[in-house]
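As structure tokens, the structure follows; a few thoughts come after it.
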Amino acid sequence: MANFTIGTQTIKGTQALIPLTSTSSDKNLDVLIYHWNFGDQSKGTEANPTHAYLAPEKGTRKNYTIKLTVKDPSGESSTTNKTVTLHNP
């Protein structure tokens, strides 16, 4: 079952860094293959990536939908989506 948590945003220059932690599991305890779509035309395959978004302008917010699909060796897959809101105070 695909699942993940979204960590606390850090602004560094023009980037908003978002740590993502997979809490996905497989009923057979198989090793999972990860496919991330970060919602900004970027993709990744790490289990627990930190993604760098372009930071929104000062005083604004921007939403992205993050999609995680996990697949086990037998081909079974699961997908979940969550929205992250970036802010630049």
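This is a predicted model, so every value here is computed, not measured.
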Original post:
Which residue pairs pass the salt bridge (charged side-chain N to carboxylate O under 4.0 Å, His left out) test with at least one member in residues 45-68, sequence neighbours excluded?
Top reply: none
Original post:
Is the number of heavy atoms from other residues, nucleotides or ligands within 6.0 Å of NZ (K82) greater than 12?
Top reply: yes
Subject >> Side-chain cluster (under 4.5 Å, hydrophobic types only) that Y34 belongs to, other residues >> reply: F4, I6, I18, L20, L32, W36, F38, Y53, Y64, I66, L68, V70, V84, L86
Original post:
Checking side-chain contact (heavy atoms from CB on, under 4.5 Å) for the pair T23/T5: CA distance, chi angles, key distance, verdict?
Top reply: CA-CA 7 Å; T23 56; T5 60; 4.3 Å; yes
Subject >> Which atom of N88 lies closest to which atom of P56, heavy atoms considered >> reply: ND2-O, 2.8 Å
**OP:** Only counting residues at least two apart or in another chain, list the ones meeting side chain to side chain contact (heavy atoms under 4.5 Å, CB included) with K12.
**Re:** T10, L17
Original post:
Within the side chain of N28, is there an N or O that forms a donor-acceptor pair under 3.5 Å with the backbone of D30?
Top reply: no
Original post:
What's the shortest heavy-atom distance between G13 and I11, and which atoms?
Top reply: O-CG2, 3.8 Å
**OP:** Taking all non-hydrogen atoms of both residues into account, name the closest pair between S42 and H51 and its distance.
**Re:** CB-CE1, 3.4 Å
Original post:
In Å and rounded to the nearest 0.5 Å, what is the OG1 to CG distance from T21 to N3?
Top reply: 11.0 Å
Original post:
Do N63 and T85 have side-chain atoms, one donor and one acceptor, less than 3.5 Å apart?
Top reply: yes
Subject >> Closest approach of A47 to S22 (non-hydrogen atoms, all atoms of both residues) >> reply: O-CB, 3.2 Å
**OP:** Under the side-chain hydrogen bond (donor to acceptor under 3.5 Å, both in side chains) rule, collect the residues that match up with S78, sequence neighbours excluded.
**Re:** none
Subject >> Minimum heavy-atom distance between A2 and S24, given as atom pair plus value >> reply: CA-OG, 3.5 Å
Original post:
Taking only residues two or more places apart in sequence or in another chain, which ones pass side-chain hydrogen bond (donor to acceptor under 3.5 Å, both in side chains) with D72?
Top reply: S74
Original post:
Any ring pair (Phe, Tyr, Trp, His ring centres under 6.0 Å) pairs touching residues 69-89, not counting sequence neighbours?
Top reply: none
